[in-house]
Amino acid sequence: MTQIPVLQFQRNERDRVVAGICGGVADALGVDPTLVRLVFAILALAGGAGILLYFALWVWTGGRHPVVAVLILALATMGLLQALGVPTTVVVGAGLLVGGVVLLARRGATLRPGGSFFIPGIALAMAGAVVMLDHLGSSRHFVAPGALAGALALVLGPWFWQLAAERTERIRLAERAEMAARIHDSVLQTLALVQRDADDAPRVRALARRQERELRRWLYGRGYDGATTLADALADAVADVEEAHLTRIELATSGDTPLDDALGELVLAAREAMVNAAKHAGSDEISVYAEVEPPSVSVFVRDRGAGFDPTTVAADRRGIADSIESRVQRAGGSARITTSPGNGTEVELTMPRGGQS
Amino acid sequence: MIRVVLVDDHELFRAGVRGELAGLVDIVGEAGTVADAGPLIRELDPDVVLLDVHLPDGGGEAVIAAVAPERPAVKFLALSVSDAAEDVIAVIRAGARGYVTKTISRDELFDAVRRVSDGDAVFSPRLAGFVLDAFRTGEPLGADEELETLTPREREVLQLIARGYLYKEIAARLHLSVKTVEAHVSSVLRKLQLSTRHELTRWAQERRLV
């Protein structure tokens with residue numbers, strides 16, 4: 001939806017040598033008038049283009065004869081190109097093209113749907129294009145299809161533009177609807193709670209944190225990037241597993257510590273242990289306890305479910321060996337699994353603190 | 001049958017608890033605010049009060065403060081959705097005999113009410129974690145060594161509670177009787193209420209209790 005910008009300038013009545021045109025241009029462009037005058041002077045040497053351009057702009061600022069102004073402008077362009085040694089046909093074509101485009105711009109034509117075109121401007125520009133292409137293409141066969149394509153582009157362009165705009169609008173509306181649903185489900189509920197509990201700072205803080213975590217996950221995809229401490233990362237993992245496996249996980253923590261790579265692995269191993277418990281134990285509740293002690297961090301994942309005989313672990317339960325034991329060992333920690341059929345399972349993960357490999 | 005008063009500002013939650021505990025305990029009264037709860041509990045003199053940590057006109061500890069001087073026999077069991085250690089510690093230090101989360105199952109809730117009414121302490125895993133944390137970090141302020149630190153056995157029992165073990169499972173694991181396990185937990189509760197440990201006072205101060 002861009003509009004072709006047209007430089008608005010007026011003759012500068014105070015800083016003038018002849019009609020204040022150079023001063024006006026300098027004002028509009030924000031440059032030194034002397035520089036503008038120098039450019040005009042050099043252009044004047046190029047087949048008189050500078051002088052013609054000066055008159056064109058003078059007529060233009062008068063505002064009553066834009067067509068005359070455009071014609072003089074076209075002449076100026078032609079003079080310039082001729083002075084540069086460009087073949088006459090191309091010069092005439094380019095002059096007509098520039099004149100047409102300027103005329104279009106002057107009439108405020110835009111490519112917006114429903115925008116109108118100034119027919120003489122189009123005609124002039126197309127004539128210019130035809131003359132120029134006629135020369136450049138050096139083949140008559142190119143002219144007619146080229147002009148046709150140009151005309152079609154002018155007519156169909158706005159229509160395609162409109163289609164694209166409508167499609168963008170539809171996508172935007174769909175996104176907006178999804179956003180509204182999400183905000184209603186979570187943010188509005190949280191805001192209602194926050195208003196009710198406004199005087200209860202810790203609770204408001206807790207509500208805000210939960211909401212933040214939820215929104216962050218929605219906006220930036222999943223992962224534990226948002227959590228910076230062990231307890232937060234475990235709470236995220238617990239929420240994930242609860243949601244994915246519709247189970248209940250009781251999380252208790254004693255102490256907390258900033259998350260590092262090794263502890264990140266510990267959290268992932270604990271998460272795997274929770275998933276195992278949720279999938280295989282058949283117990284309705286899983287307990288997770290994390291304890292931060294000066295020498296080490298321990299996480300316990302316990303269920304009161306079926307348990308299993310560790311000596312007869314089937315191949316399909318390789319998750320324990322791969323995702324839990326070797327993961328923690330690679331990060332420098334250890335895993336211990338206590339279980340027997342009918343007595344539930346407890347996975348104890350321990351990670352020494354302080355820059356383990 | 002144990003006589004219970006429900007104090008919670010969520011009508012729906014009260015209805016849910018009433019339905020769950022119907023036939024197991026006798027719910028003699030309900031209140032939704034600190035202002036209503038005080039006179040009601042003093043009048044009804046129940047065995048146990050199920051007390052929400054957060055009420056519209058104050059914390060659960062305000063209810064305990066309004067009732068305890070006149071009715072010292074009434075036991076309080078705190079019930080909350082809160083994650084915040086300071087809320088939980090504050091209501092325990094005010095005199096609640098235990099803390100459970102609102103996601104607790106019906107059987108566990110009944111068991112907790114029964115144990116509180118018997119004079120035992122009921123620690124949820126989360127509370128056990130908070131307490132272990134409070135007694136490990138920070139400096140003891142008071143001179144009474146016994147009150148300021150947990151014994152290795154008490155620590156062991158709390159750790160197992162935090163890991164999700166029931167009292168009878170803890171007893172089996174540590175080769176103790178269930179009564180002994182309960183005695184350890186009650187001892188921890190006493191220390192929690194009487195200790196002047198820095199962490200505990202800090203939490204209490206945040207709730208403007210001290």
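Any value given below was found using the heavy atoms of this structure, including those in side chains, with hydrogens, waters and symmetry copies removed.
Looking at K191(B) and E154(B), a side-chain N of the basic residue comes within less than 4.0 Å of a carboxylate O on the acidic one, giving a salt bridge. Salt-bridge annotation for E265(A) and R330(A): absent, with no side-chain N of the basic residue lying under 4.0 Å from a carboxylate O of the acidic one. Between D111(B) and R114(B), at least one side-chain N (NZ, or NE/NH1/NH2) sits under 4.0 Å from a carboxylate O, which counts as a salt bridge. For R302(A) and E348(A), the salt-bridge test fails: no basic side-chain N is under 4.0 Å from an acidic carboxylate O.
Take S117(B) and apply the side chain to side chain contact (heavy atoms under 4.5 Å, CB included) test, not counting sequence neighbours, and it matches I2(B), V48(B).
Contacts with chain A (heavy atom to heavy atom, under 4.5 Å) involve these residues of residues 165-180 of chain B, listed by number: Y165(B), L166(B), E169(B), R173(B).
In this structure, L266(A) and L268(A) have side chains that are not in contact, with every pair of non-hydrogen atoms separated by 4.5 Å or more.
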